[in-house]
Structures are given as structure tokens and as C-alpha cells.
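Only heavy atoms go into these numbers, but all of them, side chains included; no hydrogens, no water, no symmetry mates. Because the structure is predicted, anything quoted here is derived from the model rather than measured.
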Amino acid sequence: MPDERLNDMVYMFDSEPAGLSAEAGNLLEQAVAGWQEAHRSARLVALEEGAALRIVDERVRRAPREHLLADPLAIDAYRDLLKGRTTEVLTRCMRDAGHSGAEERLAELVAQWEQSGLVYRDGEHLVALATGLEWS
């Protein structure tokens with residue numbers, strides 16, 4: 001298409017290159033390809049075992065682990081994080097559910113879960129990552 005016709009359709013301008021470098025783009029493509037190859041055998045799932053929750057973590061590039069949540073506060077808090085909560089709201093919800101004085105223990109649990117990759121933090125909000133549970 002001639003430039004004159006193209007100029008009638010779009011505004012063309014020169015700018016400095018922005019975004020990913022070619023090297024970063026290649027690394028990203030390699031990482032995506034690796035994930036696509038390995039994700040089918042990976043899982044992070046929460047299974048109900050009586051009154052407890054067993055979280056099975058078999059994600060790629062991690063040693064397989066299982067986490068058993070048997071403490072009622074831990075079980076209720078992890079389930080509540082399926083909905084995404086700030087720590088402030090999570091604390092209030094746990095207090096409303098009858099877990100009085102849980103603030104310090106919740107801070108410890110959340111720190112452990114973040115360290116283990118069982119929750120995701122987006123700013124002030126936390127979200128449980130294990131699948132297999134229904135909202136309550």
C-alpha cells in the first residue's frame with residue numbers, strides 16, 4: 001500500500017523502542033514453553049480429610065510437599081482466602097466466626113502460606129491458590 005494511502009488510514013510516528021528487549025522476550029518465550037510442557041503433571045490442590053485440609057503441592061521446579069491444616073483457625077482462614085481478603089478483613093471474618101484473639105496466629109499462618117506459595121498477595125489482598133475447594 002502506498003504511504004499516501006496508509007497515512008490517510010493511520011497516524012504513523014517514530015518513537016524510541018519500548019517494552020521487552022529481544023533478550024527478555026526470548027527468556028519469556030522459553031519460560032512459557034517450559035510451563036506449557038510441564039503444567040499437565042503439576043498440581044496444587046486442597047483435599048478434605050475429615051475435619052482437616054490436606055494441600056498437595058506438586059508444582060514444577062519444587063520439591064513435592066503436603067501441608068496438613070488441622071487447626072480450625074487455619075482451615076477457616078484458608079477457605080476464606082478463596083474469596084480474596086485483606087489481612088484486616090480476614091482477621092475480622094475469623095473473629096466473627098468465633099476465633100477470638102486470632103490476629104497474631106493469622107499473621108504467622110499467612111507468612112507461612114506466602115513462603116510456601118499457597119497464597120498469592122496482590123498489594124493488600126491475599127488469595128488462596130489451591131484448587132478443589134468450594135466457597136463456604
Can you tell me how far [atom2] of [Y] sits from [atom1] of [X], rounded to the nearest 0.5 angstrom?
X: Leu47; Y: Arg54; atom1: CG; atom2: CZ; value: 8.5 Å
X: Leu73; Y: Met94; atom1: CG; atom2: CE; value: 7.0 Å
X: His99; Y: Asp71; atom1: NE2; atom2: CG; value: 8.0 Å
X: Asp76; Y: Leu69; atom1: CG; atom2: CG; value: 10.5 Å
X: Leu81; Y: His125; atom1: CG; atom2: NE2; value: 11.0 Å
X: Leu129; Y: Glu114; atom1: CG; atom2: CD; value: 10.5 Å

Which atom pair, heavy atoms only, marks the closest approach of [X] to [Y]?
X: Ala77; Y: Trp113; value: CB-CH2, 4.0 Å
X: Arg61; Y: Gly34; value: NH2-CA, 4.5 Å
X: Ala128; Y: Val119; value: CA-CG1, 4.0 Å
X: Val45; Y: Gly132; value: CG2-CA, 4.3 Å
X: Glu58; Y: Pro64; value: CG-CB, 4.4 Å
X: Arg105; Y: Gln112; value: NH1-NE2, 4.5 Å

Do the non-hydrogen side-chain atoms of [X] and [Y] ever get within less than 4.5 Å of each other?
X: Thr87; Y: Leu106; answer: no
X: Ile55; Y: Leu44; answer: yes
X: Val127; Y: Asp122; answer: no
X: Glu88; Y: Thr91; answer: no

Test Leu20 against every option in Leu28, Leu27, Asn26 by the side chain to side chain contact (heavy atoms under 4.5 Å, CB included) rule and name the one that passes. Leu28
Is the number of heavy atoms from other residues, nucleotides or ligands within 6.0 Å of CD (Glu23) greater than 12? no
Within one Ile-Leu-Val-Met-Phe-Trp-Tyr cluster: Leu82 and Leu53, side-chain cutoff 4.5 Å: yes
Do you reckon Leu90 sits in the same ILVMFWY cluster as Ile75, going by side-chain contacts under 4.5 Å, direct or chained? yes
Keeping [X] on the side-chain end and [Y] on the backbone end, is there a donor-acceptor pair under 3.5 Å?
X: Tyr78; Y: Ala46; answer: no
X: Arg43; Y: His39; answer: no
X: Arg62; Y: Ser116; answer: yes

